[in-house]
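Worksheet: one structure, shown below.
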Amino acid sequence: MKSQQILEKLIGFATVSRDSNLALIEFIRDYLTECGVECELIHNDERSKANLWATIGPTDRGGVVLSGHTDVVPVDGQPWTLPPFEMTERDGKLYGRGTADMKGYIACVLAAVPSFVSADLKTPIHLAFSYDEEVGCLGVRSILSMLEDKPHQPTACIIGEPTELKPVLGHKGKLGVRCHVKGAPCHSAYAPEGVNAIENAAKLITKLTQIGERLAESSRRDERFYPPFSTVQTGVIEGGQALNIVPADCRFNWEVRSLPGFDAGEVEREMRDYAESELIPKMRAVVPDTDIVFEPLQSYPGLTTEASSEVAALIATLAGRNDFGTVAYGTEGGLFHEAGIPTVVCGPGCMDQGHKPDEFIAIEQLERCDAMMQRLVEHLGA
Ligand SMILES: [Zn+2]
């Protein structure tokens, strides 16, 4: 099958992260079986989702991982003019949820499998297709722990997130945190007798803003990224019921987008210290049974691969260019990198179309990715 036909099949599986991806994974498994490739499924605890891992070529050495996530973001509330889970071709573009992010890459990889199989590969090619990337790079973690037990670690990984096939060597990391301020309610006419959860949350958010200002002014900069410093922000807040009640609860979600090498946990520790040393004692002096609780949301590390590395040379050969860049969004690449597997990001399509209504990929991008897969075969067979 050609990549475009495979993509049409893949788009037909509505693999929104909250739902199962098993039908899609089984389709890929059956396709690989027909190609004579064995694969391993790694299920989640509920067995409602699975990662797929397969190796083509020799098994007594490391190899190149081609990695993609099978889940997509929801379409709820988006004004789609075309069916999201049915591929539509129009004016040289293929529309559907996941065409760009990132089933297009998976389709090109699968279309190339027959040539991977028939080539006399000296270096193996591994396929790593994950679930739950869009909700915090969750699925890929069990692929990485499975790899720890293998005698030969992969020597390179190409994450096919959409970069218009430009080789990308880095992205920032992310730490998301949910904070719950547990105050004490009372009639607002007696406000000093209660503990106002919203007002304490406001102090914490102000603290976070100050940390953000400090990071922006810090000498710790990396001009490969935009903005060239680590950033913070509060994205969601909820609390309170009525103006005449001192609010008992306030919850807010905040994040750190960290430069590679910057420990986002530093920000979290500073926030916790502030809560524990400044806010909680004052809250408890009014009502003892009050608290501020932090819980982790999604997080992934940054990616930073050296331009002088072998994996950078490999992707430059495959992509036919060595103008390495960075991307603003995160990928599973940070986790591969953290596991000691040299990683780059390079895939077809453009993230400008990702996560939006009427998401599409240009057919020309799929064709260029097909050609990149053929160069990989030639390179690894040589
Ligand atoms: Zn993606």
Side-chain angles (χ1 to χ4, degrees), residues 3 6-7 10-11 13-19 21 24-25 28 49-52 65-76 78 84-85 87 94-110 127-144 157-174 176 255 257 297-303 305 315 319 325-338 343-362 365-366 369 372:
S3 53
I6 297 176
L7 182 57
L10 299 180
I11 296 304
F13 298 102
T15 52
V16 176
S17 313
R18 63 178 175 236
D19 301 320
N21 74 337
L24 176 145
I25 287 289
I28 296 178
K49 299 173 185 177
N51 298 307
L52 183 146
V65 181
L66 304 178
S67 164
H69 62 83
T70 61
D71 60 321
V72 295
V73 294
V75 298
D76 312 67
Q78 292 189 338
F85 299 109
M87 197 172 82
L94 303 169
Y95 290 85
R97 170 59 86 223
T99 45
D101 184 15
M102 58 179 291
K103 292 177 172 176
Y105 177 73
I106 295 177
C108 293
V109 170
L110 293 176
L127 312 184
F129 301 141
S130 65
Y131 63 86
D132 280 359
E133 188 270 353
E134 296 286 7
V135 288
C137 299
L138 303 181
V140 72
R141 294 167 203 256
S142 58
I143 297 183
L144 291 166
C157 174
I158 302 170
I159 308 271
E161 291 277 0
T163 67
E164 294 178 294
L165 295 160
K166 291 176 195 140
V168 160
L169 301 187
H171 60 69
K172 290 182 180 178
K174 175 177 172 179
E255 66 170 17
R257 297 277 178 159
L297 294 171
Q298 49 174 250
S299 70
Y300 53 77
L303 172 67
T305 296
I315 198 63
T326 61
V327 284
Y329 56 83
T331 75
E332 295 171 338
L335 289 160
F336 278 95
H337 178 79
E338 192 179 64
T343 298
V344 294
V345 184
C346 185
C350 180
M351 197 53 110
D352 287 353
Q353 279 89 50
H355 299 204
K356 286 189 183 163
D358 292 341
E359 177 178 349
F360 69 84
I361 191 167
Q365 284 285 307
L366 282 189
C369 190
M372 185 170 94

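All values reported here derive from a predicted model rather than from experimental measurement. Whatever order the structure lists ligands and atoms in, that order sets their numbers, starting from 1. Residue indices begin at 1 and follow the sequence shown.
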- [ ] Could you label the plane-to-plane angle of the F360 and Y95 rings as parallel, tilted or perpendicular, counting under 30° as parallel and over 60° as perpendicular?
- [x] tilted
TODO: Output the atom name for the N/O/S atom of D101 with the smallest distance to the Zn ion (ligand 1).
DONE: OD1
Open item on the list: Using the rule side chain to side chain contact (heavy atoms under 4.5 Å, CB included), only one of E134, K103, H69 pairs with T15; which is it?
Closed with: K103
Task: Residues that E338 engages under side chain to side chain contact (heavy atoms under 4.5 Å, CB included), provided they are two or more places apart - done: P301, L335
Task: Heavy-atom donor-acceptor pair, D101 side chain to V72 backbone, under 3.5 Å - done: no
Task: E134 backbone or side-chain N/O/S under 2.8 Å from the Zn ion (ligand 1) - done: no
Open item on the list: If I take the Zn ion (ligand 1) as the centre, what angle separates the OE1 atom of E161 from the NE2 atom of H69? Nearest 10 degrees is fine.
Closed with: 120°
